[in-house]
Amino acid sequence: MKSFAKALVSAAAITAAFNAAPLQADPKAEVLHYWTSGGEAKAVKALQEAFSARGGEWVDAPVAGGGGDAQAAVLRARVLAGDPPAAVQIKGPNIQEWAEAGALADLSGVASAQNWDGVLPETIQNIVKYEGKYVAVPVNVHRVDWIWANPEVLAKVGAGVPTTWDEFNATADKLLAAGIIPLAHGGQPWQDATVFETVVLGIGGVDFYRKALVDLDMDALGSDTMVSVFDQMRKMRGYVDPDFPGRDWNLATAMVMRGEAAMQIMGDWAKGEFAAAGKVPGKDYICASTPSENGYLLNSDSFAMFNVKGDDLVAGQNLLAELILGTEFQETFNLFKGSIPARTDVPRTEFDDCAIKSMDDMVSAAEGGTLLGSMAHEIAQAGAVRGAFIDIATAHFNSDMSSQDAVEKLVKAIKLAQ
Ligand code: BGC
C-alpha cells in the first residue's frame with residue numbers, strides 16, 4: 001500500500017504549497033467522506049453549515065458504505081487521475097502512508113495558530129502527525145467496544161446487559177429460547193471484524209489484543225487463545241437472525257431501537273443513530289462496554305487535506321482545518337456523531353452518560369496502558385494486514401470453518417500481508 005500510494009502520487013505529479021493562498025480567495029472545498037447514515041449526515045451537515053457561514057463553498061462528495069472501504073477505492077482513483085479532493089476523511093496509518101507518498105498538505109500554520117499541541121492528547125497527535133508535522137485534523141474519538149442494548153427486550157428474559165462473555169452467551173441463549181433475536185448484526189466484512197476485535201479483547205485480554213492485533217506476534221495469532229476467540233465467534237453467529245448478510249450497520253441499530261433485537265456490538269457512531277431518532281440513553285437504550293478487563297478500543301476520524309492547486313481550494317482547506325479543531329464545532333459535531341471531542345478542553349456539560357463514560361474510560365485506559373487502536377477501524381492496522389484480518393474473520397463467520405482452521409489461515413494470511 002505504501003509504495004502503491006507513492007506511485008499514485010508521483011504518477012499524478014501533484015504540487016501545491018499549503019498556506020500560500022492570498023486572503024481574498026473565496027474558500028472552496030470538495031469534501032470526500034462516507035457519512036451517510038442519519039446521525040452521520042447530521043454531523044457532517046454541521047461542518048458544512050459552519051463552512052458556509054464563513055463564506056465557504058462546500059462541494060459534497062459522499063461515498064456510501066460503512067467503515068469507509070468503498071471510499072478508499074474512490075480516493076485512489078481520484079489521486080491516480082491527478083484530481084484529488086481537497087479534504088478527505090481518512091485515519092490511522094493511512095494518514096502516514098499518504099503523507100509519506102507526499103500527497104498531504106502541511107497543516108503546521110493553522111496548528112500552531114490554534115495551539116493543537118496544547119489541546120490534543122498525545123495518542124491523537126501521534127495519529128495525525130507525520131515526521132513531527134500535522135498532516136490531518138482530528139474530528140473525534142470513537143470507541144469501538146460497545147454493546148447497545150434495548151432494556152425492555154432484555155427484561156423479557158429477566159436479564160441486564162452482560163458483563164462477561166459467559167453471561168453474554170447465557171443471556172443470548174435465553175433470548176433465543178424466547179424467540180427474540182439476541183444480536184442485531186449486519187453481515188458486511190468490516191462489521192464482522194468489529195465484533196471479532198471486541199471478542200479478541202474480551203477473551204484474550206489487553207496484552208493478547210496488543211500482541212495479536214497490534215504487534216502481529218505469530219505465537220499469539222496461532223495460539224489456543226485465538227482458537228477460543230473463534231469458538232466465541234461461532235457462538236455469535238448463532239445469535240444473529242437469518243437476514244443479516246449485507247445489512248447496513250445502521251439498520252441493525254434500528255432493530256435494537258424497535259425492539260426487534262436485544263443488542264448490537266458496534267462503535268459509538270451507533271449512538272448517533274439513537275440520538276437522531278430522539279432516543280435517550282439509560283431510558284430507551286443502554287450503552288455498556290463489551291466485557292473486558294479495562295480495555296478501550298480507540299478509533300478516531302480525521303480529515304487530511306490533499307495537495308491541490310488553486311488559491312480558493314487552499315483557502316478552503318485552511319478554513320476547514322481551523323473550523324474542525326474549534327471548541328464549538330468539536331462539541332456540536334460530536335453530539336450528533338455519538339463520539340467524543342478529540343480536544344480535551346471541550347466542556348462536558350452537553351454530553352450524555354455514554355460520552356462521559358467514554359471520556360473517563362479513555363483517560364484511565366491511557367494512564368493504565370490499556371488504550372488500544374482498533375484493527376477493524378484502521379487505527380492499529382491498515383492496508384493489506386487489516387484486509388487479511390477482515391477476510392479471515394468474515395470467512396470464518398460466514399461458513400462452517402473450524403476454529404483451528406481459521407487460526408491456521410489467519411497466521412498464513414498475516415504473514416503474507418506483512
Ligand atoms: C468511522 C465512523 C463511521 C463508521 C460507520 C467508522 O470506521 O470511524 O465515523 O461512522 O465507520 O461508517
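Just so you know, ligand 1 is whichever comes first in the structure, and atom 1 is the first atom listed for that ligand.
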Do any pairs count as a disulfide (SG to SG under 2.5 Å) and have a residue in residues 61-129, sequence neighbours left out, and if so which ones?
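Pairs touching residues 61-129 that pass the test: none.
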If the plane angle is over 60° it's perpendicular, under 30° parallel, otherwise tilted; pick one for Trp35 and Phe333.
tilted
Are Ser339 and Asp268 linked by a side-chain donor-acceptor pair shorter than 3.5 Å?
no
Given side chains that start at C-beta, do those of Val31 and Phe51 come closer than 4.5 Å, heavy atoms only?
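Side chain of Val31 against side chain of Phe51, heavy atoms only: no contact under 4.5 Å found.
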Qualifying residues under salt bridge (charged side-chain N to carboxylate O under 4.0 Å, His left out), relative to Lys235, sequence neighbours excluded:
none
Using the side chain to side chain donor-acceptor pair (under 3.5 Å) criterion, which residues pair with Arg237? Sequence neighbours excluded.
none
Please tabulate, one line per pair, the protein N or O atoms found under 3.5 Å from any N or O atom of ligand 1, giving the distance to one decimal.
| unit_1 | atom_1 | unit_2 | atom_2 | d |
| --- | --- | --- | --- | --- |
| ligand 1 | 7 (O) | Lys91 | NZ | 2.7 |
| ligand 1 | 7 (O) | His377 | ND1 | 2.7 |
| ligand 1 | 8 (O) | Lys91 | NZ | 2.7 |
| ligand 1 | 8 (O) | Asn299 | ND2 | 2.9 |
| ligand 1 | 8 (O) | Asp301 | OD1 | 2.7 |
| ligand 1 | 8 (O) | Asp301 | OD2 | 3.4 |
| ligand 1 | 9 (O) | Trp35 | NE1 | 2.9 |
| ligand 1 | 9 (O) | Asp301 | OD1 | 3.3 |
| ligand 1 | 9 (O) | Asp301 | OD2 | 2.7 |
| ligand 1 | 9 (O) | Lys337 | NZ | 2.9 |
| ligand 1 | 10 (O) | Glu40 | OE2 | 2.4 |
| ligand 1 | 10 (O) | Lys337 | NZ | 2.7 |
| ligand 1 | 11 (O) | Gly67 | N | 3.4 |
| ligand 1 | 12 (O) | Glu40 | OE2 | 3.2 |
| ligand 1 | 12 (O) | Gly67 | N | 3.0 |

